[in-house]
Student: 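First the structure, which I've put down as structure tokens, then a few questions once you've had a look.
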Amino acid sequence: MQANFEPSSTLEEGMEPAFSQAGFLYSLDAMAMPAGLAADEVWVSVDLKGRLVTVYRGEYVMKRIEHLAYGAGGAAPLRAKGSSMTPLGEFRVDRINRASRFGLFFGIDYPNAEVASEALRIGKITSEEYHYIEAYRARHGRAPHTTALGGLIGLHGLGSGDPDVHRSFDWTEGCVAVDNYQIRALDPWLNIGTRVVIRG
């Protein structure tokens, strides 16, 4: 497990523009903003380095969560099954499990088409695995988890997990975890298709 620490700054919850009136970045790295974003589209930014989950509507902050834990193996754009790494990139919520052992689970579409294409290009998966991923996604509307890239990645709560471990270590198998109260606070904002941008 990797040790993690609470950020020292306090951020206010509420609706505030991501940019100052002077046009400088307020809280959002412009590169993390999804391409083609509608002005009123709800999306989620997961900042692993800053340990911050932020829900936006367009460029406006709707909700902030100031602590998270992520994969015990770190983070990378391509993760291997069993690596306990959190994937970096842009994804979409493709499943919601309200009966998860973590209380509430918002699954993301890892591996998505871009990840599968890159993994094939660099030899991390075979052509057969690539075609399986694409066919599975077309048939089921979500990503498979049985290839070399793994899967079943998402945002979730602690369930009956130890809050002290959560506050002290990166402990997940690749997911992003917040506490049970915080994951319930995300529930009104996240739906199937919601964009989730994870950056390190």
Side-chain angles (χ1 to χ4, degrees), residues 2-71 74-75 86-94 96-98 100 102-110 153-159 161-172 174-200:
Q2 294 178 251
N4 66 46
F5 304 96
E6 297 277 352
S8 59
S9 61
T10 302
L11 300 170
E12 290 187 33
E13 178 184 320
M15 187 173 177
E16 51 194 45
F19 297 92
S20 70
Q21 290 189 22
F24 294 105
L25 256 36
Y26 177 79
S27 64
L28 175 66
D29 179 342
M31 297 304 292
M33 201 165 197
L37 190 71
D40 63 345
E41 183 178 343
V42 172
W43 64 284
V44 178
S45 169
V46 177
D47 178 357
L48 300 181
K49 186 176 179 182
R51 300 201 175 274
L52 189 64
V53 177
T54 308
V55 178
Y56 290 91
R57 184 184 302 272
E59 66 180 47
Y60 291 91
V61 173
M62 306 306 289
K63 182 78 183 166
R64 282 199 175 128
I65 293 173
E66 295 187 15
H67 181 74
L68 62 84
Y70 60 98
T86 299
L88 302 173
E90 183 178 324
F91 307 97
R92 292 203 181 247
V93 173
D94 69 356
I96 300 172
N97 182 353
R98 298 182 188 289
S100 163
F102 298 110
L104 184 56
F105 179 86
F106 297 99
I108 60 171
D109 64 345
Y110 180 90
I153 301 297
L155 284 76
H156 62 68
L158 299 182
D162 187 337
D164 290 331
V165 169
H166 174 69
R167 284 188 292 271
S168 303
F169 297 97
D170 287 315
W171 56 270
T172 78
C175 292
V176 173
V178 296
D179 72 28
N180 293 329
Y181 173 80
Q182 292 166 333
I183 198 68
R184 288 191 299 271
L186 291 177
D187 195 13
W189 299 103
L190 275 67
N191 294 295
I192 299 297
T194 300
R195 299 190 209 209
V196 178
V197 178
I198 304 175
R199 56 194 172 118

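Note that the structure is predicted; figures quoted are calculated from it, not measured. Side-chain atoms are counted along with the backbone in the values below, which use heavy atoms only and exclude waters and symmetry mates.
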Student: Within the structure provided, determine whether Ile96 and Phe105 are in side-chain contact (heavy-atom separation under 4.5 Å).
Tutor: no
Student: So do the side chains of Val196 and Val46 get within less than 4.5 Å of each other, counting heavy atoms only?
Tutor: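 Counting from C-beta outward, Val196 and Val46 do come under 4.5 Å.
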Student: Does Arg51 pair with Asp170 as a salt bridge, N-O distance under 4.0 Å?
Tutor: yes
Student: I'd like to check the side chain to side chain donor-acceptor pair (under 3.5 Å) partners of Asp187; sequence neighbours left out, ordered by chain and number.
Tutor: Arg98
Student: Roughly how far apart are Glu59 CD and Leu37 CG, rounded to 0.5 Å?
Tutor: 9.0 Å
Student: Do Phe106 and Asn97 come within less than 4.5 Å of each other through their side chains, counting heavy atoms only?
Tutor: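 Result no, sub-4.5 Å side-chain heavy-atom pair not found.
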Student: Checking Arg195 now: which residues fulfil side chain to side chain donor-acceptor pair (under 3.5 Å) with it, not counting sequence neighbours?
Tutor: Glu41, Glu90
Student: Under the criterion side chain to side chain contact (heavy atoms under 4.5 Å, CB included), I'd like the reasoning laid out for Leu104 against His156: C-alpha separation, chi angles, the key distance, then a yes or no.
Tutor: CA-CA 6 Å; Leu104 184 56; His156 62 68; over 6 Å; no
Student: For a 4.5 angstrom cut-off between non-hydrogen side-chain atoms, does Tyr56 reach Val42?
Tutor: no
Student: Can you check whether Pro87 reaches Ile153 side chain to side chain, under 4.5 Å on heavy atoms?
Tutor: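 Of all side-chain heavy-atom pairs linking Ile153 with Pro87, at least one is under 4.5 Å.
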Student: Any idea how His166 and Trp171 line up, ring-wise: parallel (<30°), tilted (30 to 60°), or perpendicular (>60°)?
Tutor: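 Correct class here is perpendicular.
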Student: If you define the side chain from C-beta out and look only at heavy atoms, does anything of Ile198 sit under 4.5 Å from Ile108?
Tutor: yes
Student: Taking all atoms of both residues into account, what is the closest heavy-atom pair of Val197 and Pro34, and its distance?
Tutor: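 Result for this residue pair: CG2-CG, 3.7 Å.
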Student: Heavy-atom distance under 4.5 Å between the side chains of Leu48 and Thr86, does that happen here?
Tutor: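 Leu48 vs Thr86: side chains touch.
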Student: What closest approach, in Å, do Tyr181 and Asp179 show between heavy atoms, and which atom pair accounts for it?
Tutor: N-OD1, 3.1 Å
Student: Do the side chains of Val53 and Val178 get nearer than 4.5 Å, heavy atoms only?
Tutor: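 A side-chain contact under 4.5 Å exists here.
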